[in-house]
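Heads up: numbering here begins at 1 and tracks the sequence.
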Amino acid sequence: MKIYNTLTGRKEEFVPIQDHKVSMYVCGPTVYNLIHIGNARPMIVFDTVRRYFEYCGYEVNYVSNFTDVDDKIIKKAQEEHTTADVISTRYIAECKRDMAGMNVCPATTHPLATQEIGGMIDMISTLIEKGYAYAKNGTVYYRTAKFKDYGKLSKKNLEDLEAGHRSIKVAGEDEKEDPLDFVLWKPMKEGEPFWDSPWGRGRPGWHIECSVMSKHYLGDTIDIHAGGEDLVFPHHENEIAQSEAANGVPFAHYWMHNAFLNIVNEETHVAEKMSKSLGNFFTVRDISEKYDLQVLRFFMLSAHYRSPLNFSAELMEAAKNGLDRILTAFETLRRKAEAASEGDSAKNAAENAKASGRGAGREAEAKDAKGVSEKPVLTETDSRTEELTAEEKKLIEGTAPFVRKFEEAMDDDFNTADAIAALFELVKYGNVAMESGTHRAFYEALEGCMQKLCDVLGIVTERREEILDSEIEELIAERTQARKAKNFARADEIRKELLDRGIELKDTREGVVWKRI
């Protein structure tokens with residue numbers, strides 16, 4: 001498995017600190033409002049990275065924080081005449097709701113910055129003792145120039161940065177030893193939350209929060225630190241400076257960053273940065289009003305995570321149609337499996353139920369509630385193979401090249417675009433292969449193979465159940481009776497009427513199925 005490491009600027013073979021274990025820290029959102037679709041991209045991307053590590057047999061300790069004390073949170077609280085903790089608590093809950101809608105697994109730990117203040121004070125104290133930080137009038141600053149490797153992640157030259165800051169003056173600038181020194185602790189202001197510290201009452205700076213939470217839950221050195229590319233400088237650069245100066249060891253072996261999400265202007269067709277002032281700002285909740293959030297997830301994975309991604313209604317529709325192809329294949333397989341099971345004897349049905357509970361290899365074992373399938377993929381040792389025909393066995397074996405192609409794509413820096421292409425090829429193969437099957441175990445084996453790849457991508461393969469109007473249900477029932485009575489003219493009239501109302505019918509050997517168009 002190879003990962004593009006921002007630190008070195010090249011793809012590198014992944015070698016974990018501990019065998020079969022991965023420690024991974026992903027910077028989470030500042031919770032002062034509903035998350036936007038830009039926030040959603042790293043959530044979806046690195047959730048998928050985590051899922052693939054688990055698919056490969058790794059135990060992943062995945063930490064993603066919530067920044068619950070910040071200027072923006074305080075401003076929001078003042079606007080609503082409430083407290084910062086009320087605002088952060090509300091929007092953490094809303095964020096988790098959106099994450100669930102996108103099928104983003106809960107982190108192993110979701111630390112809150114306000115619960116780690118003691119650790120932040122300890123690390124700041126260590127930095128002062130080592131000469132990397134200094135206090136001035138209740139503010140503690142980090143001595144950027146003292147850390148010789150400053151700029152190694154962002155590839156920024158310290159002298160160039162100094163030159164760029166000479167003309168910039170901000171409040172408190174005069175008390176800094178160097179314009180590039182950044183804040184570790186800031187003194188309290190009237191009406192703001194605060195904590196006691198050796199430097200007076202105040203609160204931590206943003207950068208120190210992630211350094212401390214990563215150290216607390218993952219250790220001094222971790223395998224992977226990840227986030228959006230906008231965090232490379234200064235946030236992640238400052239994290240490295242703090243953590244490596246305080247702990248005396250490398251902070252993270254691999255740094256992963258996803259590219260920006262841009263919004264396509266529907267009039268000019270030009271991709272623009274998302275901005276409220278441009279009127280192209282979309283929250284995840286906005287998108288959920290028009291699309292199942294599974295469509296948003298599928299869209300986000302349609303491009304390599306290091307490639308800029310353009311968002312538009314047209315591209316979302318394409319993602320919706322692509323996802324629909326996959327879900328339709330699953331529905332067909334399940335109908336065929338159900339129809340086949342109706343012909344089983346009670347004995348065979350019991351045997352099938354018993355066999356479906358057996359393990360079938362590492363990647364197909366039943367997992368906990370992380371969206372991973374509990375349906376095992378058929379193997380040669382599974383007793384269900386005894387009832388399959390030679391052709392069915394050969395067709396199941398024919399899925400292997402598509403699985404290998406999927407894994408090769410994911411092993412190459414988590415190339416989800418190519419992985420999805422391999423999944424589509426498998427779906428196409430399955431659509432043809434299922435027509436040659438007769439046994440329930442055969443359909444379940446095809447489904448299981450497709451399911452394990454969808455699990456890696458976080459695709460929920462059960463459609464969200466839609467409720468039809470009773471009038472439409474009655475029309476579908478009337479059409480079914482008309483077909484039985486060979487009144488095909490009336491059946492065609494009903495089909496056309498439903499089509500005009502956005503309901504498409506399809507007659508299958510397993511019965512009538514419908515979908516909205």
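- Residues Phe233 and Leu153 have side chains not in contact (no heavy-atom distance under 4.5 Å, counting atoms from C-beta outward).
- Between the side chains of Thr114 and Asp68, a donor-acceptor pair is found at a separation under 3.5 Å.
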*Check against ring pair (Phe, Tyr, Trp, His ring centres under 6.0 Å), Phe147 and Tyr150*: CA-CA 6 Å; Phe147 187 71; Tyr150 193 81; 7.1 Å; no

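- In this structure, Glu331 pairs ionically with Arg463, as a charged nitrogen and a carboxylate oxygen lie closer than 4.0 Å.
- Separating the CZ atom in Phe406 from the CZ atom in Phe424 is a distance of 12.0 Å, to the nearest 0.5 Å.
- Separation of atoms CG (Asp122) and CD1 (Ile117) is listed at 11.5 Å; rounding is to 0.5 Å.
- Looking only at distances, a side-chain donor or acceptor of Lys176 sits under 3.5 Å from a matching main-chain atom of Asp181.
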*asked:* Assess the residue pair Arg50 and Glu54 against the criterion (salt bridge (Lys or Arg N to Asp or Glu O under 4.0 Å)); give the C-alpha distance rounded to whole Å, side-chain angles, the decisive distance to 0.1 Å, and a yes or no.
replied: CA-CA 6 Å; Arg50 172 199 187 169; Glu54 291 177 336; 3.5 Å; yes

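- A donor and an acceptor atom, one from each side chain of Thr461 and Gln451, are located under 3.5 Å apart.
- Using a distance-only test at 3.5 Å, with no hydrogens or angles considered, a donor-acceptor pair links the side chain of Asn247 to the main chain of Ser243.
- Taking a cutoff of 4.0 Å between a charged side-chain nitrogen and a carboxylate oxygen, Glu94 and Arg97 qualify as a salt bridge.
- Glu175 and Tyr141 are linked by a side-chain donor-acceptor pair at a separation below 3.5 angstrom, with hydrogens and angles left out of the test.
- Panel note: side chain Ser197, backbone Trp199; a donor-acceptor pair is recorded below 3.5 Å.
- Proximity of a side-chain donor or acceptor of Arg297 to a complementary backbone N or O of Met102 within less than 3.5 Å is detected.
- The backbone N or O of Gly28 lies less than 3.5 Å from a partner atom in the side chain of Asn65, making a donor-acceptor pair.
- Distance CD1/Ile459 to CE/Met450: 10.0 Å, rounded to 0.5 Å.
- Counted by atom type alone, His225 and His253 present zero donor-acceptor pairs between their side chains at under 3.5 Å.
- The closest side-chain donor-acceptor pair between Ser23 and Asp223 falls under 3.5 angstrom.
- Donor-acceptor pairing under 3.5 Å is recorded for the side chains of Glu317 and Tyr291.
- Side-chain contact annotation: Ser125 with Glu129, donor-acceptor N/O pair under 3.5 Å absent.
- Counting only N and O atoms by type, the side chains of Asn5 and Lys11 include no donor and acceptor under 3.5 Å apart.
- Between Phe251 and Trp255, the two ring planes are perpendicular [angle over 60°; tilted spans 30° to 60°].
- Between Ile263 and Ile37, the closest side-chain pair of non-hydrogen atoms falls below 4.5 Å.
- The ring-ring contact (aromatic ring centres under 6.0 Å, His included) test with Phe53 is passed by exactly one of Phe46, Tyr254, Phe414, Tyr62: Phe414.
- Crowding of Glu272 atom CD: a count of heavy atoms from other residues, nucleotides or ligands under 6.0 Å exceeding 12.
- Remark: side-chain polar atoms of Thr109 are not paired, donor with acceptor, to backbone N or O of Val63 under 3.5 angstrom.
- Side-chain N or O atoms of Asn280 include one that pairs as donor or acceptor with a backbone N or O of Lys273 at under 3.5 Å.
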_Full working for salt bridge (Lys or Arg N to Asp or Glu O under 4.0 Å) between Glu80 and Arg90_ = CA-CA 13 Å; Glu80 296 192 11; Arg90 177 199 306 165; 2.9 Å; yes

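- Remark: the backbone N or O of Lys152 is not paired with any side-chain donor or acceptor of Asp149 at under 3.5 angstrom.
- Side-chain contact annotation: Thr6 with His257, donor-acceptor N/O pair under 3.5 Å present.
- Within 6.0 Å of NZ on Lys130 lie more than 12 heavy atoms contributed by other residues, nucleotides or ligands.
- Looking only at side-chain heavy atoms (C-beta outward), Ser64 and Tyr25 stay at 4.5 Å or farther from each other.
- For the 3.5 Å distance criterion, the side chains of Gln242 and His207 fail to qualify, holding no donor opposite an acceptor.
- Asp47 places a side-chain N or O within donor-acceptor distance of the main-chain N or O of Cys105, the cut-off being under 3.5 Å.
- Annotation for Lys155: atom NZ counts as buried by contact number, over 12 foreign heavy atoms lying within 6.0 Å.
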*Run the salt bridge (Lys or Arg N to Asp or Glu O under 4.0 Å) check on Glu12 and Lys2 step by step: do they pass?*
CA-CA 5 Å; Glu12 299 176 355; Lys2 290 189 175 181; over 6 Å; no

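- Under the 6.0 Å distance and 45° angle rule, Lys76 does not count as a cation-pi partner of Tyr32.
- The NE2 atom of His216 sits 12.0 Å away from atom CE of Met123, with the distance rounded to the nearest 0.5 Å.
- Side-chain polar atoms of Asp85 and Ser88 form no donor-acceptor pair below 3.5 angstrom.
- Residue pairs meeting the ring-ring contact (aromatic ring centres under 6.0 Å, His included) criterion with at least one partner in residues 81-100, sequence neighbours excluded, do not occur; the list is empty.
- Asp413 places a side-chain N or O within 3.5 Å of a backbone atom of Tyr4 that can act as its donor or acceptor partner.
- Of all the heavy atoms in Gly151 and Glu237, the pair that sits closest is N-OE2, 3.1 Å.
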